[in-house]
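Each remark here refers to the structure printed beneath this line.
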4 protein chains.
Amino acid sequence: MTNHHEIEVYVRFSETDALGHVNNVSYLIYFEEARTKFFDEACGDKELAKHFISAAVTCDYLSQAYAAQTLKIETSVSRLGTKSFTVEHLLTEKETGRKLAKGTAVLVSFDYINQKTTSIPSELRSRLESKLVSG
Amino acid sequence: MTNHHEIEVYVRFSETDALGHVNNVSYLIYFEEARTKFFDEACGDKELAKHFISAAVTCDYLSQAYAAQTLKIETSVSRLGTKSFTVEHLLTEKETGRKLAKGTAVLVSFDYINQKTTSIPSELRSRLESKLVSG
Amino acid sequence: MTNHHEIEVYVRFSETDALGHVNNVSYLIYFEEARTKFFDEACGDKELAKHFISAAVTCDYLSQAYAAQTLKIETSVSRLGTKSFTVEHLLTEKETGRKLAKGTAVLVSFDYINQKTTSIPSELRSRLESKLVSG
Amino acid sequence: MTNHHEIEVYVRFSETDALGHVNNVSYLIYFEEARTKFFDEACGDKELAKHFISAAVTCDYLSQAYAAQTLKIETSVSRLGTKSFTVEHLLTEKETGRKLAKGTAVLVSFDYINQKTTSIPSELRSRLESKLVSG
C-alpha cells in the first residue's frame with residue numbers, strides 16, 4: 001500500500017478524440033507522467049528518467065474516460081532485475097474509483113552517451129527495492 | 001489581479017523535443033488546458049468549452065522550459081464582443097517567476113448542431129464581463 | 001505477405017523528446033494511424049475506426065528512431081474472434097529496414113450509441129478474414 | 001508560386017477531439033511538420049530545424065477539418081531579417097481546396113550550445129532569399 005506512488009491528472013480536451021472519449025494513446029502519456037513523477041518523488045531524482053530507456057509498454061483498457069475528468073494513477077514496481085525493472089500502473093476515475101486502465105512498462109538502465117545497456121546503479125537499486133510490491 | 005485565473009502544469013517528458021526543451025506546440029496544449037479550467041472554475045460550467053470554437057491563437061516564446069518543471073499559467077479576458085471574446089495567457093516558471101511565453105486565443109460562440117456562430121448567452125456574458133481586465 | 005498492409009510515416013519534431021529520440025508514446029500514435037489506414041484502404045471504410053474500441057495495446061521497443069526519418073509500418077490481422085480481433089504492427093526504418101518496434105492492438109466491435117459490445121458485422125468479418133495471417 | 005513548398009498530411013484520429021473535429025492544437029503540429037520538411041527539401045538540410053528557435057506562432061482557423069482527411073500545406077518565406085525570418089502557412093483540404101487555416105511562425109537563428117541568438121549563416125540566407133515571396 002505504502003509502496004504505491006500516486007498522482008492525479010486532469011484530462012485535457014486535446015487528449016480526447018472524435019469518439020467523444022479519451023484517445024487510447026493518451027493513457028500512455030498519463031502513464032509516462034506517472035513514471036517520471038515516481039522517479040522524481042519516490043527516488044529523489046528529477047533526472048532519473050534520463051538513465052532509462054523503454055523496452056516495452058502495455059495498456060489494458062477497462063472503461064472510457066472523458067474531458068475535464070480528474071484521474072488517479074497508482075504506480076508500483078513489480079519486478080526488479082539486474083539491468084531492468086517493471087512498473088505497473090492502475091488508472092482510476094478519482095471521483096468514483098471506477099477502474100479505467102491497467103498498464104505496465106519495462107525500463108532498461110541505459111547509457112545514452114555510449115548507447116548501451118548498463119546495470120541499475122546500486123543506490124537506485126535499493127530505492128527501487130523498497131518500492132517493490134510482493135506478489 | 002483577482003480577475004486572473006491561475007493553474008499549474010507539470011511538463012511531461014513527451015512534451016519536450018530533441019532540442020532538449022519543451023516543444024513549441026506544447027505551449028498551446030498548456031494554454032488550452034488553462035482555458036478549459038478557466039471555463040470550468042471561473043464560469044462554473046465544465047461543458048462550456050463545447051459552446052465555443054477557436055478562431056485564432058497566438059504564442060510569443062520568451063524563454064525555454066524543460067522536462068519536469070512546474071509552470072504557472074495566468075488567464076484573463078481581454079476583450080468581450082457580441083459573438084466572441086479574447087483571452088490572454090501568461091506562462092511562467094513557478095519556482096523563479098521567469099516569463100516563458102504569452103498567448104492569446106479568440107473564441108467564438110458556436111452552435112455545433114447547426115454549425116453556425118451564435119451570440120454569447122447573456123448569463124455567460126455577465127460572468128465573462130466580471131473577469132474582464134481593463135486595459 | 002500480400003496480407004500485410006503497409007504505410008509510411010514521417011517522424012515529426014514534436015514526436016521526439018529531450019533524450020534526442022522519438023518518444024515512446026509516439027510509436028503508439030504511429031500504430032493507430034496504421035490501423036485507421038488499414039481500415040480505410042484494406043476494408044474500404046473510412047469510418048470503420050468508429051465501430052471499434054481499443055481493449056488492449058502493446059509495444060516492444062527494439063531500436064531508437066529519430067526526427068525527420070521515414071518509417072514503415074506493416075499491419076496484419078493475427079486473430080479474428082466473434083466480437084474482437086487482434087492486429088500486429090511491425091515498425092521499421094524505411095531506408096535501412098532496421099526493426100524499430102513491434103506492436104499489437106485488440107479491437108472490440110462496439111456500439112457507441114448504446115455503449116455495448118457487439119458481434120463483428122459479417123461483411124466486415126469476411127474482409128478481415130481475407131487479411132488474416134496464419135501462424 | 002514556385003516559391004511555395006507543399007506537403008500533404010493525413011489527419012490522425014488522435015489529432016481530433018471530443019467536438020468531432022481536428023483539435024486546434026493539431027494545426028500547429030501540421031505547421032511544424034511543414035517547416036521541417038521545407039527546411040529539409042527546399043534548403044537541403046535535414047538538421048536545419050536544429051539551428052533555429054521559435055519566437056512566435058499564430059494560427060487563424062477558417063474551417064473545421066476531420067479524421068482521415070488528407071490536407072495540403074503551402075509554406076513560404078514572407079520576411080527575411082538578419083537574425084530571424086517569418087514563414088507563412090496555408091492549410092487546405094486536398095480534395096476540395098477548402099481553406100482550413102492560415103499560420104505564421106517567426107524563427108530565430110539560435111546557437112543551442114551557447115544559448116544565444118546568431119545571424120542567419122550567409123549560405124542559408126541565400127537559399128531562404130530564393131524562397132522569399134514578394135508582397
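We name chains A, B, ... by the order of the sequence lines, and we start the count at 1 in each one.
Note on N23(C), V22(C), V25(C): by heavy-atom pairs under 4.5 Å with chain B, the leading option is N23(C).
Residue E8(C) places its CD atom among more than 12 non-hydrogen atoms of other residues, nucleotides or ligands, all under 6.0 Å distant. Remark: E95(C) CD is loosely packed, at most 12 non-hydrogen atoms of other residues, nucleotides or ligands lying under 6.0 Å away. The 12-atom threshold is not exceeded at CD of E123(C), counting heavy atoms of other residues, nucleotides or ligands nearer than 6.0 Å.
Side-chain contact check for L19(C) versus F13(B): some heavy-atom pair is nearer than 4.5 Å.
Heavy-atom distances place both the backbone and the side chain of D17(B) under 4.5 Å from chain C.
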